[in-house]
J.: 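To start, I am sharing the structure in question, which I have written as structure tokens.
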Amino acid sequence: MRVFKFGGASVKDADGVKNVVSVLEQTGHDNTIVIVSAMGKTTNAMEATVNAYFSDKSALKAAFQETIAYHDAILKDLFPNANHEVYAQVKGLFDEVQGFLAWNKSPNYNFVYDQVVGYGELVSTTILNAYLNEVGIKSNWIDIRDFIKTNDIYRDVSVNWEKTQETISKGIDKSKLNITQGFLGSDDNNFTTTLGREGSDYTAAILAYCLNADSVTIWKDVPGVLNADPRYFTETQLLNNISYREAIELAFYGASVIHPKTLQPLQQKEIPLHVKSFINPKDPGTTVGKGVGIEPKVPCFIVKKDQVLMKLSSLDFSFIVEDSISELFKLFHDHKMKVGLIQNSAISFSVCVDNRFGRLEDLLNLLKSRFKVAHHEGVSLYTIRHFDEKAIESLQNGHEVLLEQRGKETLQLVVK
């Protein structure tokens, strides 16, 4: 069987939903499970709803009504019959969100986030499933929360692989066309959990692993895996083939086209991953699988924007060695700082981190009690895999380089 994953851009409007159906018609849809993200920017809108719930309840209704109106417009384009049952199904899901926010007593932001934000996926799959059946393609909607089981560390969960394997093996009929959600799971108390932003790719890998799938295809609005993000680089090149090892390296450094957690379960069972264009589904795209390196072998550029560079120096000129470095990494972990680059000497330690949870000020206050601290906010971390001099010059030109680190295959630059 095959696992397909469609992201939010592929179902951002009624034409997008129709195009997903077209892709399935062109590629075939027997023995296929289709994972769908929330439509367009719905996840951002649902996050705004959660933020309003905690910070400004007077803005809550308006924030949520905008999301409802967005989906209503898509429904009207797809289902001219206003009495179609999908209208009641979608309304029921949005009513669940409003009901939860009305009775919830938990002050835990992460818990509330997970209970609310995932409804974007539940709604998008409900709409796609109804439209497939409307146009004569029989499909089966399943709630992924019944199958992917996790712990209860909301917004930062780990998968319980044993339970997940058992529920998926027993509960999913591989002979059908199944439509389900990315990004979601549930804990032992059946509360919703989320697998992290962009976690729908990870969902695809989990299902593929547990179902022993023949392949996973991630459908994107780009031709495949490119050697650079076209949002930030003007000249990009399609990578035809990438080994698991190389893809994991790219994901580790922040390549956004593949979720970092996606690759490990696929590599364990040597399940090939295809990254293809939902605009041109017949094009070959990129295949990630068993092999050596990348083809063609060209420099690959990765950029992480809005990072923080910190330089720590010992107050008494003592060495920064194993015990102090261990303590530093515990602090980074406790403050949910993702480390992108480290460089140290005898009495100094430089680190570039992603302050994605907004806990930088607390961390700096703790560090200043032990170290002399200098930091730069809003820097960019560039990584070049398989660099050459031309690639280095293209990044250094016009930029102030704050830190450089070079290895055999990888160069990293922190720039203003």
J.: Could you tell me if the side chain of His29 sits less than 4.5 Å from the side chain of Phe4, heavy atoms only?
T.: no
J.: Would you find a donor on one side and an acceptor on the other, under 3.5 Å apart, between the side chain of His71 and the backbone of Thr67?
T.: yes
J.: Looking only at atom types and distance, does a side-chain atom of Thr286 sit under 3.5 Å from a main-chain N or O of Gly224, one as donor and one as acceptor?
T.: no
J.: Can you check side chain to side chain donor-acceptor pair (under 3.5 Å) on Asn108 and Tyr113, steps first, answer last?
T.: CA-CA 9 Å; Asn108 184 335; Tyr113 179 101; over 6 Å; no
J.: Using a 6.0 Å cut-off, check whether atom CD of Gln65 has over 12 heavy atoms from anything other than its own residue.
T.: yes
J.: Hey, mind stepping through Asp188 and Lys163 against salt bridge (charged side-chain N to carboxylate O under 4.0 Å, His left out) and telling me if it holds?
T.: CA-CA 10 Å; Asp188 287 341; Lys163 286 186 178 179; 2.9 Å; yes
J.: Kindly say whether Pro299 contributes a backbone atom to a donor-acceptor pair with the side chain of Asn227 at under 3.5 angstrom?
T.: yes
J.: Could you give me the CA-CA distance, side-chain angles and deciding distance for Gln98 and Leu101, then say whether side-chain contact (heavy atoms from CB on, under 4.5 Å) is met?
T.: CA-CA 5 Å; Gln98 292 174 310; Leu101 293 175; 5.9 Å; no
J.: Return the minimal non-hydrogen interatomic distance between Phe252 and Lys304, and the atom names on each side.
T.: O-NZ, 4.3 Å
J.: How long is the gap from CD1 on Ile35 to CG on Leu207, to the nearest 0.5 Å?
T.: 4.5 Å
J.: Rounded to the nearest 0.5 Å, what separation is found between the NZ atom of Lys5 and the OG1 atom of Thr217?
T.: 12.0 Å
J.: Is the shortest heavy-atom distance from the side chain of Asp77 to the side chain of Lys18 under 4.5 Å?
T.: no
J.: Are Leu239 and Glu246 side-chain neighbours, meaning at least one heavy-atom pair lies under 4.5 Å?
T.: no
J.: Could you report the tightest heavy-atom contact between Ser124 and Met39, atom names first, then the distance?
T.: CB-CG, 3.6 Å
J.: Looking only at non-hydrogen atoms, find the nearest pair between Ile242 and Ile294 and report the distance.
T.: CG2-CG2, 3.6 Å
J.: Should we count NZ of Lys170 as having more than 12 external heavy atoms under 6.0 Å?
T.: no
J.: For Asn355 and Leu360, indicate whether the former's side chain and the latter's backbone hold a donor-acceptor pair under 3.5 Å.
T.: yes
J.: Do other residues, nucleotides or ligands put more than 12 heavy atoms under 6.0 Å from Gln26 CD?
T.: yes
J.: Over all heavy atoms of both residues, which pair between Gly7 and Ser37 is shortest? Give the atoms and the distance, please.
T.: CA-OG, 3.6 Å
J.: Report yes if the side chains of Thr193 and Asp152 come closer than 4.5 Å at any heavy-atom pair, otherwise no.
T.: no
J.: Can you list everything that forms a side chain to side chain contact (heavy atoms under 4.5 Å, CB included) with Ile342? Sequence neighbours excluded, please.
T.: Phe329, Val339, Phe349, Val351
J.: Of all the heavy-atom pairs spanning Ser380 and Lys305, show the shortest one and how long it is.
T.: OG-CD, 3.4 Å
J.: Check whether any side-chain heavy atom of Cys300 sits under 4.5 Å from a side-chain heavy atom of Leu250, and report yes or no.
T.: yes
J.: Is any side-chain heavy atom of Tyr244 less than 4.5 Å from a side-chain heavy atom of Val288?
T.: yes
J.: Are Phe332 and Met310 close enough that some pair of their side-chain heavy atoms sits under 4.5 Å apart?
T.: yes
J.: For the CG atom of Leu309 and the CD atom of Gln343, what is their distance to the nearest 0.5 Å?
T.: 9.5 Å
J.: Please tell me if the side chains of Ile137 and Glu25 come closer than 4.5 Å, counting only heavy atoms from C-beta onward.
T.: yes
J.: Strictly under 6.0 Å, is that where the ring centroids of Tyr232 and Phe301 end up?
T.: no
J.: With distance as the sole test, does Ser215 use its side chain to make a donor-acceptor pair with the main-chain N or O of Leu273 at under 3.5 Å?
T.: no
J.: Output, in order, the C-alpha distance, side-chain angles, deciding distance and verdict of salt bridge (charged side-chain N to carboxylate O under 4.0 Å, His left out) for Arg356 and Asp354.
T.: CA-CA 5 Å; Arg356 58 178 176 163; Asp354 187 349; 5.5 Å; no
J.: Under the side chain to side chain donor-acceptor pair (under 3.5 Å) rule, what do Thr192 and Asp114 come out as? Steps first, then yes or no, please.
T.: CA-CA 6 Å; Thr192 303; Asp114 277 9; over 6 Å; no
J.: Under the salt bridge (Lys or Arg N to Asp or Glu O under 4.0 Å) definition, can you give me all pairs with a residue in residues 282-292, not counting sequence neighbours?
T.: Glu270-Lys290
J.: Give a yes or no on whether a salt bridge exists between Asp388 and Lys390, defined as a side-chain N under 4.0 angstrom from a carboxylate O.
T.: no
J.: Without placing hydrogens or testing angles, list every side-chain donor-acceptor pair under 3.5 Å for residues 408-416, not counting sequence neighbours.
T.:
unit_1: Glu409; atom_1: OE1; unit_2: His386; atom_2: ND1; d: 2.7
unit_1: Thr410; atom_1: OG1; unit_2: Arg385; atom_2: NH1; d: 2.8
unit_1: Gln412; atom_1: NE2; unit_2: Gly340; atom_2: O; d: 3.3
unit_1: Gln412; atom_1: NE2; unit_2: Thr383; atom_2: OG1; d: 3.1

J.: Counting only N and O atoms by type, is there a donor-acceptor contact under 3.5 Å from the side chain of Thr49 to the main-chain atoms of Ala45?
T.: yes
J.: Tell me whether the count of non-hydrogen atoms from other residues, nucleotides or ligands lying under 6.0 Å of CZ in Arg245 goes above 12.
T.: no
J.: Roughly how far, to the nearest 0.5 Å, is the CG atom of Leu211 from the CD atom of Gln165?
T.: 8.0 Å
J.: Between the main-chain N or O of Ser10 and the side-chain N or O of Asn19, is there a donor-acceptor pair closer than 3.5 Å?
T.: no
J.: Measuring from atom CG of Leu364 to atom OG of Ser369, what distance do you get when rounded to the nearest 0.5 angstrom?
T.: 11.0 Å
J.: Determine, step by step, whether Ser326 and Glu322 satisfy the side chain to side chain donor-acceptor pair (under 3.5 Å) criterion, reporting the C-alpha distance in whole Å, the side-chain angles of both residues, the deciding distance to 0.1 Å, and the verdict.
T.: CA-CA 6 Å; Ser326 174; Glu322 289 84 354; over 6 Å; no
J.: Take Leu238 and Leu226 through the test side-chain contact (heavy atoms from CB on, under 4.5 Å) and record every step on the way to the result.
T.: CA-CA 5 Å; Leu238 178 68; Leu226 304 176; 4.2 Å; yes
J.: Tell me whether Lys12 at atom NZ has more than 12 heavy atoms from other residues, nucleotides or ligands lying less than 6.0 Å away.
T.: no
J.: Main chain of Tyr209, side chain of Lys269: is a donor-acceptor contact present, judged purely on distance under 3.5 Å?
T.: yes
J.: Provide the closest heavy-atom pair for Lys149 versus Arg145 in the form atom of the first, atom of the second, distance.
T.: NZ-O, 4.0 Å
J.: Does the Asn365 side chain pair with the main chain of Glu361, one donor and one acceptor, at a distance under 3.5 Å?
T.: yes
J.: Does the structure place the NZ or CZ of Lys276 under 6.0 Å from the centre of the six-membered ring of Phe278, at an angle of no more than 45° from the ring's axis?
T.: no
J.: Donor-acceptor pair, distance only, cut-off 3.5 Å: does the side chain of Thr43 make one with the backbone of Lys41?
T.: no
J.: Quick one: sort the Phe111 and Phe191 rings into parallel, tilted or perpendicular, breaks at 30° and 60°.
T.: perpendicular
J.: Can you tell me how far the OG1 atom of Thr262 sits from the CD1 atom of Ile248, to the nearest 0.5 Å?
T.: 10.5 Å
